[in-house]
Amino acid sequence: MPELPEAETIARGLREPLTGASVDRVAVIHADVLDLEAEDFAGRLRGSRFEAIGRRGKNLVLRLADSRRLVVNLGMSGRLLMRGPGAGGPPPTHPAVYFHLQGGLGSLVYHDVRRFGRLSLHSAKEYAAWSATLGPEPLGPEFTAVALERGLRSSATPLRSWLLDQRRVAGVGNIYANEAAFLARIDPRARTNSLDADAARRLHRAIRRVLSEAIDARGTTLRDYRTAQGWEGEYGAKLQVYGRAGEPCPRCAEPIVREVLSNRSVFFCPRCQPAP
DNA sequence: CTCGGCGCCTGCACGC
DNA sequence: TGCGTGCAGGCGCCGA
Ligand SMILES: [Zn+2]
């Protein structure tokens, strides 16, 4: 799923209905998405108030009033859905955890068909230590073209693999890694230490641009992703290469190529993104 | 330490 | 219609 733009969209959608709400009761349907035993997890959250909603990379971060954090990694198919008090419509098909809220505010549902997602409860200290293992926020001030160039030079891995490494930059996944490489006109298979300063500058701009525009479109729904209100994202229509094997390149009309790199699809235009 | 391969789990699209 | 295959946003573990 869910990469940075999807996590950001979900955080924005949860802020209004969830901030200040307290947990009345937690119902665990699938304990395999938790880092604790179901009863322990439920007990630790009972009565807790959600004080702030944010994200780190592609992870949702729900800060509790006692400064603990509930960190949600959505895996491939995770959703965080707000269900209003008189929630109409059909019940969710694959709920994994319900957080029923006090005061008739409805519930927050963690929904996950494949259950690759994980919910972790961190103390303030544990959260800081975990956050420190992640790279800079690509839309934040620490992520500069110079820092990116330095990072690229320090590794011999293919660019697409480098971008998926959350310790390098936090929040880029396979869709936006492929899109950013296309916008920057770099072969996603190129070893990062072969890229020059100009390529690093183009990549820096491309990453920021594609993530910002995807946030504006409320993310990309391939199949499972939904906003906190259950809506689909609109960025899929704007994808240039991801999922478009065989279609003409939007720049030069050459057919887009799909290859497999580290067991995952990579999409590129062989003319606009020539092999190094 | 770095890197790539693989399993985790379910549903869907496609070809025969 | 039914069945087999391939594919999907991520990530942690393992061995080279
Ligand atoms: Zn092209």
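Being a predicted model, the structure only gives us computed values, none of them experimental. Any value given below was found using the heavy atoms of this structure, including those in side chains, with hydrogens, waters and symmetry copies removed. We name chains A, B, ... by the order of the sequence lines, and we start the count at 1 in each one.
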Under-4.0 Å side-chain N/O to phosphate OP1/OP2 contact, R115(A) with dT10(B): yes
Sugar-phosphate only, base, or nothing, as touched by N73(A) at under 4.0 Å among non-hydrogen atoms: sugar-phosphate
Selected nucleotide, minimal atom distance to S161(A) side chain, candidates dG4(B), dC9(B), dC11(C): dG4(B)
Spacing between R167(A) atom CZ and dT2(B) atom P, to the nearest angstrom: 6 Å
Heavy-atom pair with the smallest gap, counting every atom of S77(A) and R115(A): OG-N, 4.2 Å
Nearest-Å distance for atom pair CG/P, residues D35(A) and dC11(C): 16 Å
Sugar-phosphate only, base, or nothing, as touched by T221(A) at under 4.0 Å among non-hydrogen atoms: base
Candidate pair L4(A) and E137(A), rule side-chain contact (heavy atoms from CB on, under 4.5 Å), full reasoning: CA-CA 9 Å; L4(A) 186 153; E137(A) 284 294 326; 3.8 Å; yes
Sugar-phosphate, base or nothing in reach of P5(A), heavy atoms under 4.0 Å: nothing
Spacing of the P atoms in dC14(C) and dC9(B) (rounded, Å): 16 Å
Closest nucleotide among dA8(C), dG4(B), dC9(B) to the F116(A) side chain: dC9(B)
Pairing stems for DNA chain C [at least three consecutive pairs; Watson-Crick or G-U; under 3.5 angstrom]: B:2-8 with C:10-16, B:10-16 with C:2-8
Touch class at under 4.0 angstrom, heavy-atom based, for R79(A) against every strand present: nothing
Touch class at under 4.0 angstrom, heavy-atom based, for R118(A) against every strand present: nothing
Sugar-phosphate only, base, or nothing, as touched by N263(A) at under 4.0 Å among non-hydrogen atoms: base
F143(A): partners by ring pair (Phe, Tyr, Trp, His ring centres under 6.0 Å), with sequence neighbours left out: H204(A)
With a 3.5 Å cut-off and sequence neighbours excluded, list the donor-acceptor pairs that the side chains of residues 60-69 of chain A form with protein atoms.
{"unit_1": "R63(A)", "atom_1": "NH1", "unit_2": "E51(A)", "atom_2": "OE1", "d": "2.6"}
{"unit_1": "D66(A)", "atom_1": "OD1", "unit_2": "R68(A)", "atom_2": "N", "d": "3.1"}
{"unit_1": "D66(A)", "atom_1": "OD1", "unit_2": "R68(A)", "atom_2": "NE", "d": "3.3"}
{"unit_1": "D66(A)", "atom_1": "OD2", "unit_2": "R68(A)", "atom_2": "NE", "d": "2.8"}
{"unit_1": "D66(A)", "atom_1": "OD2", "unit_2": "R68(A)", "atom_2": "NH2", "d": "3.1"}
{"unit_1": "R68(A)", "atom_1": "NH1", "unit_2": "R44(A)", "atom_2": "O", "d": "3.0"}
{"unit_1": "R68(A)", "atom_1": "NH2", "unit_2": "R44(A)", "atom_2": "O", "d": "3.0"}
{"unit_1": "R68(A)", "atom_1": "NH2", "unit_2": "S48(A)", "atom_2": "OG", "d": "3.0"}
{"unit_1": "R69(A)", "atom_1": "NH1", "unit_2": "S67(A)", "atom_2": "O", "d": "2.8"}

Sugar-phosphate, base or nothing in reach of Y242(A), heavy atoms under 4.0 Å: sugar-phosphate
Out of dT10(B), dG10(C), dG11(B), whichever nucleotide has its closest atom nearest the side chain of R223(A): dG11(B)
Among dG11(B), dG10(C), dC7(C), the nucleotide that comes nearest once only the side chain of R258(A) is considered: dC7(C)
